[in-house]
A.B. asks: 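Sharing a structure with you now.
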Amino acid sequence: MSTPNPNPASDPTPAPTATNTPTERPSVLFVCVHNAGRSQMAAAFLTHLAGDAVEVRSAGSAPADTVNPAVVAAMSEAGIDISAETPKILTSEAVQASDVVITMGCGDTCPVFPGKTYLDWTLDDPAGQGVDAVRPIRDEIERRVRALLSDLGVPAGKAL
């Protein structure tokens, strides 16, 4: 049976603080209008590069019926299969459950909650574009996702 340390100042175990309490994995939500292009690519890159180290969500303010086929093809070229993904509606719950919310051209439709980090990535919209036009958008999204991982202190686990 252990006894309490009579001199807490000499206790080598630090008291829990915001800086030394174990934290859960960060959660990121990517939002674009249709959740059929930019946010799908960003979520796929983050999932691919971070694995289980980051919780990843994507949604749209006015989701399409399917993911843009040119986006699916461009991501396939990068070795990531998103053919089974489906666009999802943006909910307040998804925003509340996320630490970082990254919008991509959806304007003010994203609900704002205190304590969240909000970023707006200005990117061309791949809607109605062919694979040739989607590739540079895909590559810029990958670059930004890698920078995001660095900012979150999460190592990118895979090179493309």
Side-chain angles (χ1 to χ4, degrees), residues 18 22-160:
T23 58
E24 295 181 20
R25 64 188 176 146
S27 176
V28 177
L29 169 64
F30 294 102
V31 182
C32 67
V33 176
H34 301 296
N35 190 223
R38 295 166 288 186
S39 57
Q40 290 284 349
M41 288 190 281
F45 273 124
L46 186 54
T47 299
H48 183 78
L49 294 168
D52 292 337
V54 177
E55 185 176 0
V56 181
R57 297 178 180 85
S58 72
S61 53
D65 293 329
T66 61
V67 175
N68 179 334
V71 166
V72 172
M75 291 302 288
S76 179
E77 291 176 355
I80 301 173
D81 181 9
I82 63 169
S83 61
E85 296 298 324
T86 57
K88 294 163 277 310
I89 185 75
L90 175 64
T91 65
S92 292
E93 293 79 18
V95 176
Q96 285 180 307
S98 301
D99 300 311
V100 179
V101 179
I102 299 173
T103 58
M104 303 173 190
C106 60
D108 296 333
T109 60
C110 189
V112 176
F113 295 99
K116 308 293 176 194
T117 299
Y118 291 86
L119 304 171
D120 185 49
W121 289 358
T122 303
L123 297 159
D124 291 336
D125 188 348
Q129 304 290 328
V131 175
D132 288 342
V134 173
R135 285 185 191 112
I137 301 167
R138 174 202 64 200
D139 295 346
E140 177 61 15
I141 290 171
E142 179 187 2
R143 186 191 68 72
R144 291 181 189 207
V145 166
R146 287 181 181 278
L148 174 66
L149 281 168
S150 178
D151 290 346
L152 293 173
V154 176
K158 298 178 181 153
L160 296 178

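Values below: all heavy atoms of this structure, side chains included; hydrogens, waters and symmetry mates excluded.
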A.B. asks: How about Glu77 and Val131: do any of their side-chain heavy atoms sit closer than 4.5 Å?
C.D. replies: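 Yes - at least one pair of side-chain heavy atoms lies under 4.5 Å apart.
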A.B. asks: I'd like a table of donor-acceptor pairs (distance under 3.5 Å, sequence neighbours excluded) in which one partner is a side-chain atom from residues 148-156, with atom names and distances.
C.D. replies:
none

A.B. asks: Taking atom CG of Asp124 as the centre, does the number of heavy atoms from other residues, nucleotides or ligands within less than 6.0 Å exceed 12?
C.D. replies: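 No.
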A.B. asks: When rounded to the nearest 0.5 angstrom, what distance separates CD in Gln40 from CD1 in Ile82?
C.D. replies: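 That separation rounds to 5.5 Å.
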A.B. asks: For Gly37 versus Val71, what's the shortest heavy-atom pair and its separation?
C.D. replies: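 Smallest heavy-atom distance, with atoms named: CA-CG2, 3.7 Å.
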A.B. asks: Identify the heavy atoms of Phe30 and Leu46 that sit nearest to each other, and give their distance.
C.D. replies: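 Taking Phe30 first and Leu46 second, the nearest heavy atoms are CE1-CD2, 3.7 Å.
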A.B. asks: Looking at CD of Glu55 and OG of Ser98, how far apart are the two atoms once the value is rounded to the nearest 0.5 Å?
C.D. replies: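 Here the interatomic distance stands at 7.0 Å.
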A.B. asks: Between Glu142 and Arg138, does at least one N-O distance fall below 4.0 Å, as a salt bridge requires?
C.D. replies: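 Judged by the 4.0 Å cut-off on N to carboxylate O distance, Glu142 and Arg138 do not form a salt bridge.
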A.B. asks: Under the criterion side-chain contact (heavy atoms from CB on, under 4.5 Å), which of Leu119, Val31, Asp120 is the partner of Val101?
C.D. replies: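 The single option meeting the side-chain contact (heavy atoms from CB on, under 4.5 Å) with Val101 is Val31.
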A.B. asks: Give the minimum heavy-atom separation between Ala70 and Gly130, together with the two atoms involved.
C.D. replies: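 Closest approach of Ala70 to Gly130: CB-C, 3.9 Å.
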A.B. asks: Can you check whether Val134 reaches Met41 side chain to side chain, under 4.5 Å on heavy atoms?
C.D. replies: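 When only atoms from C-beta onward are counted, Met41 and Val134 do touch, with a gap below 4.5 Å.
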A.B. asks: Look up atom SG in Cys32 and atom CD1 in Ile102, then write down how far apart they are to the nearest 0.5 Å.
C.D. replies: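 Atom-to-atom, Cys32:SG and Ile102:CD1 are 12.0 Å apart.
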A.B. asks: Give a yes or no on whether the backbone of Val72 and the side-chain of Ser76 come within a donor-acceptor separation of less than 3.5 Å.
C.D. replies: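 Not a single qualifying donor-acceptor pair exists.
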A.B. asks: Arg38 side chain to Leu123 main-chain N or O, any donor-acceptor pair under 3.5 Å?
C.D. replies: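 Yes: the side chain of Arg38 pairs with the backbone of Leu123.
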A.B. asks: Measuring from Leu29:CG to Thr103:OG1, what's the distance to the nearest 0.5 Å?
C.D. replies: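 It is 9.5 Å, given to the nearest 0.5 Å.
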A.B. asks: What side-chain donor-acceptor pairs closer than 3.5 Å can you find for residues 86-97, not counting sequence neighbours?
C.D. replies:
unit_1, atom_1, unit_2, atom_2, d
Lys88, NZ, Thr86, O, 2.9
Thr91, OG1, Ala94, N, 3.0

A.B. asks: Hey, what do you get for OG1 (Thr66) to CD (Glu85), rounding to the nearest 0.5 Å?
C.D. replies: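 The OG1 atom of Thr66 sits 12.5 Å away from the CD atom of Glu85.
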